[in-house]
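Chain identifiers are assigned alphabetically (A, B, ...) following the order of the sequence lines, protein sequences preceding nucleic acid strands; residue numbering begins at 1 within each chain.
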Amino acid sequence: MLDPLLLRKDIQSVALQLKRRGFELDTKLFNELESKRKTLQSETEALQAQRNQSAKAIGQAKAQGEDVQPLLDAVANLSDELKFKQSGLNELQNQLNTYMLTLPNLPDESVPGGKTEDENIEISRWGDPTSFDFEPKDHVDLGADLGMVDFEVAAKISSSRFVVLHKDIARLQRALGQYMLDLHTTEHDYDEVYVPYLVNAESLYGTGQLPKFEEDQFATRTEPGLYLIPTAEVPVTNIVRDEILGDSVLPLKRTALTPCFRREAGSYGRDTRGMIRQHQFEKVELVQVVRPDESWDALEALTGHAEQVLQNLNLPYRKVCLCTGDLGFSSTKTYDLEVWLPGQSSYREISSCSNFLDFQARRLKTRWKNPKTGKNEFLHTLNGSGLALGRCLVAVMENYQMANGDIAIPDALQAYMRGQTIIKRDA
RNA sequence: GGAGAGAUGGCCGAGUUGGCUGAAGGCGCUCCCCUGCUAAGGGAGUAUAGGGUUUAUAGCUCUAUCGAGGGUUCGAAUCCCUCUCUCUCCGCCA
């Protein structure tokens with residue numbers, strides 16, 4: 001959520017910044033609601049003050065045994081009037097609040113302008129696209145040939161955009177997850193957490209998936225409704241919802257391996273082949289909750305932690321800075337890491353690392369007691385994938401494939417595969 | 001799933017014949033004083049959010065908040081209703 005004070009004070013500048021990411025702020029609507037709110041709130045509170053005063057007077061008069069009837073008559077219709085104003089005010093505030101919740105974060109000045117992902121800026125490349133002395137296959141064919149990746153049976157037991165993995169490929173995915181968690185907890189100083197995979201609506205409001213992206217979520221039908229998490233970001237970040245943190249626990253760095261569930265409602269024609277875009281996938285998530293003046297450094301560091309995984313697996317990738325039009329709803333700046341996929345001859349997103357500044361913290365009411373000011377202030381939150389396991393599995397299969405269709409196991413993972421070095425067809 | 005108990009400020013804990021109770025008391029914390037160390041003692045302060053005023057801060061002022069939401073009433077931490085969560089016992093289960 002944006003700072004309401006900022007909207008009241010300098011709505012034009014907010015509108016200008018939002019326009020950069022293609023969002024039209026209805027300044028007229030906001031100003032109208034806001035000025036109505038102002039007068040209505042003042043009137044309501046004046047009436048409340050009046051009510052409080054007379055109630056007090058009645059109490060005192062009664063204590064002294066005086067006749068209170070005249071006083072009662074004087075406030076006879078006050079309560080009705082108050083009720084009327086109050087319900088009007090409540091409605092208006094709900095309206096205003098709902099509107100505020102639909103406003104995306106302001107893009108940082110350093111974020112390049114642009115409309116689509118084509119205008120994202122490449123920051124750096126690591127490694128060269130893997131070269132083969134044969135025609136490389138994509139992971140779908142590789143998986144089918146190995147007999148370990150089955151989309152048809154997944155469609156039977158669930159629907160499209162699911163997969164069943166067998167034997168060494170299933171195990172390789174598990175190895176990837178274990179490896180990443182161990183790397184982040186031992187080398188990058190994250191604390192591992194295990195979290196619920198079903199969350200309530202409040203949590204989704206907190207991190208920004210609701211109210212705008214309801215159609216992207218899987219929801220249960222029970223009452224109250226719970227949602228399948230679209231990313232571990234939701235439960236991990238919401239741990240600090242409604243909390244005031246002490247300075248000594250900061251920065252908070254947490255990592256979790258969870259499945260992620262996405263309806264992919266708006267992407268019907270896209271990535272229908274293979275494991276790139278699934279309704280269910282595993283992901284190791286990195287979350288940081290930091291002091292406000294540390295978040296920019298933290299973004300660079302966190303992105304580096306995700307990059308380290310790719311480097312250790314020797315997977316070629318590039319780092320891009322998302323342009324304003326491609327930026328996620330809650331983010332002020334995002335780096336994507338795109339891994340090289342020989343099967344598609346292209347770089348594909350495998351990690352997305354974002355700084356949210358206080359946008360989420362304001363929704364979450366996550367604050368700290370700033371020792372310098374002695375006041376409660378909003379913290380900054382960040383997160384990034386470190387990494388998406390499904391896509392990482394794809395990347396390993398395609399980059400490590402051999403001419404005969406076997407797949408070499410990256411050195412870093414062999415310890416997690418009991419020393420196995422190759423995945424063979426008849427495993 | 002059944003039966004019962006409970007939810008008050010950073011923590012503990014008063015307060016249910018409704019009326020200066022935003023809320024006693026204690027602990028903790030901050031500042032000051034005293035004490036040559038340690039221990040102890042004395043004093044003061046110590047919730048959050050929002051509105052108005054202000055260039056802004058401070059200040060001043062108003063409002064809200066005793067799990068959440070509604071109701072009764074001139075007036076609710078106290079009475080009524082609904083919900084959520086926690087605890088105990090039983091059942092069931094991994």
Side-chain angles (χ1 to χ4, degrees), chain A residues 1-13 30-101 194-206 220 222-227 235 238-250 358 360-379:
Chain A
M1 189 145 79
L2 298 173
D3 185 354
L5 227 59
L6 188 66
L7 274 143
R8 280 180 220 154
K9 274 203 310 219
D10 195 359
I11 193 164
Q12 288 313 328
S13 128
F30 181 83
N31 283 334
E32 219 168 87
L33 287 174
E34 177 54 25
S35 79
K36 264 196 221 161
R37 189 226 96 230
K38 201 174 188 174
T39 52
L40 197 51
Q41 180 165 350
S42 298
E43 289 170 6
T44 306
E45 290 186 351
L47 282 177
Q48 284 173 325
Q50 199 183 330
R51 179 205 61 196
N52 290 346
Q53 230 171 11
S54 55
K56 209 173 268 185
I58 291 170
Q60 282 171 341
K62 217 169 186 179
Q64 291 170 6
E66 296 170 14
D67 179 19
V68 294
Q69 196 53 47
L71 288 168
L72 287 178
D73 293 341
V75 294
N77 47 13
L78 196 147
S79 125
D80 283 343
E81 198 183 343
L82 211 168
K83 237 171 235 175
F84 179 73
K85 288 251 195 249
Q86 190 129 44
S87 70
L89 180 64
N90 282 345
E91 201 181 314
L92 197 60
Q93 268 170 339
N94 280 338
Q95 220 175 323
L96 211 48
N97 197 38
T98 305
Y99 184 63
M100 294 284 294
L101 285 173
Y194 171 80
V195 290
Y197 302 159
L198 288 163
V199 296
N200 56 33
E202 263 188 291
S203 293
L204 287 164
Y205 274 99
T220 65
T222 48
E223 190 67 36
L226 291 172
Y227 296 80
N238 271 277
I239 292 173
V240 294
R241 169 151 55 87
D242 295 320
E243 297 286 341
I244 298 171
L245 304 176
D247 183 57
S248 61
V249 306
L250 297 171
D358 62 359
Q360 289 184 329
R362 197 176 291 282
R363 291 172 164 237
L364 294 159
K365 297 186 184 65
T366 297
R367 295 168 295 174
W368 68 313
K369 198 168 269 292
N370 184 342
K372 279 187 191 138
T373 62
K375 293 198 167 159
N376 298 335
E377 299 169 8
F378 290 114
L379 286 161

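One can place NZ of Lys365(A) at 10 Å from P of G50(B), the figure rounded to the nearest angstrom. One atom, CG of Leu47(A), and another, C1' of U63(B), lie 12 Å apart when rounded to the nearest Å. Counting to the nearest Å, the P atom of A47(B) and the CD1 atom of Ile244(A) are 13 Å from each other. A straight line from CG of Leu33(A) to P of G51(B) spans 15 Å, rounded to a whole angstrom. Atom CG of Asp80(A) and atom P of G71(B) are 12 Å apart (whole Å). Rounded to whole Å, the distance from CG on Leu226(A) to P on U84(B) is 12 Å.
The C1' atoms of A58(B) and C87(B) are separated by 47 Å, rounded to the nearest whole Å. Of the C1' atoms belonging to U57(B) and G42(B), the separation is 35 Å, rounded to the nearest Å. Comparing the same atom, P, in U84(B) and in U73(B) gives a spacing of 28 Å after rounding to whole Å. Using C1' as the reference atom, A77(B) and A24(B) are 14 Å apart when rounded to the nearest Å. For the C1' atoms, the distance linking C20(B) with C32(B) amounts to 31 Å, nearest Å. Straight-line distance between the C1' atoms of U16(B) and U8(B): roughly 13 Å, to the nearest whole Å. Rounded to a whole angstrom, the distance from the C1' atom of C90(B) to that of U48(B) is 42 Å. Taking atom C1' on both U78(B) and A7(B), the two are 15 Å apart, rounded to the nearest angstrom.
The shortest side-chain heavy-atom distance between Leu92(A) and Gln95(A) falls under the 4.5 Å cut-off.
In this structure a side-chain-to-backbone donor-acceptor pair under 3.5 Å is present from Thr220(A) to Leu226(A). The closest donor-acceptor contact from the side chain of Asn238(A) to the backbone of Ser203(A) lies under 3.5 Å. Arg362(A) places no side-chain N or O within donor-acceptor distance of the main-chain N or O of Pro4(A), the cut-off being under 3.5 Å. Put simply, the side chain of Arg37(A) never gets that close to the backbone of Gln93(A): no donor and acceptor are under 3.5 Å apart.
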Notebook entry, point to check: Going 5' to 3' along nucleotides 54-62 of chain B, which nucleotides have protein heavy atoms under 4.0 Å from the base (write B), which only from the sugar-phosphate (write S), and which from neither (write -)?
Noted result: ----S---B
Next item on the list: For RNA chain B, produce a single dot-bracket line, 5' to 3'. Pairs: Watson-Crick or G-U wobble, both distances under 3.5 Å. Symbols: ( ) within strand, [ ] crossing, | other strand, . unpaired.
Entry: ((((((((.[[[..)...(.....]]]((((((.......))))))(((((((.....))))))).[[[[[..)....]]]]])))))))....
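For Arg37(A), the listed nucleotide lying nearest its side chain is G51(B); candidates were G51(B), C74(B), U48(B). When the nucleotides G50(B), U48(B), U53(B) are ranked by their closest atom to the side chain of Lys38(A), U53(B) comes out on top. Nearest to the side-chain atoms of Ala55(A) among the listed nucleotides C74(B), A49(B), C20(B) stands C74(B).
Note on Arg51(A): a side-chain N or O is less than 4.0 Å away from OP1 or OP2 of A64(B).
Here Arg241(A) pairs with Glu202(A) under the salt bridge (charged side-chain N to carboxylate O under 4.0 Å, His left out) rule; sequence neighbours left out.
The closest side-chain donor-acceptor pair between Gln69(A) and Asp73(A) falls under 3.5 angstrom.
Donor-acceptor pairing under 3.5 Å, judged by distance alone, is absent between the side chain of Lys56(A) and the base of G19(B).
Here the NZ-CG distance, from Lys36(A) to Asn31(A), works out to 12.5 Å after rounding to the nearest 0.5 Å.
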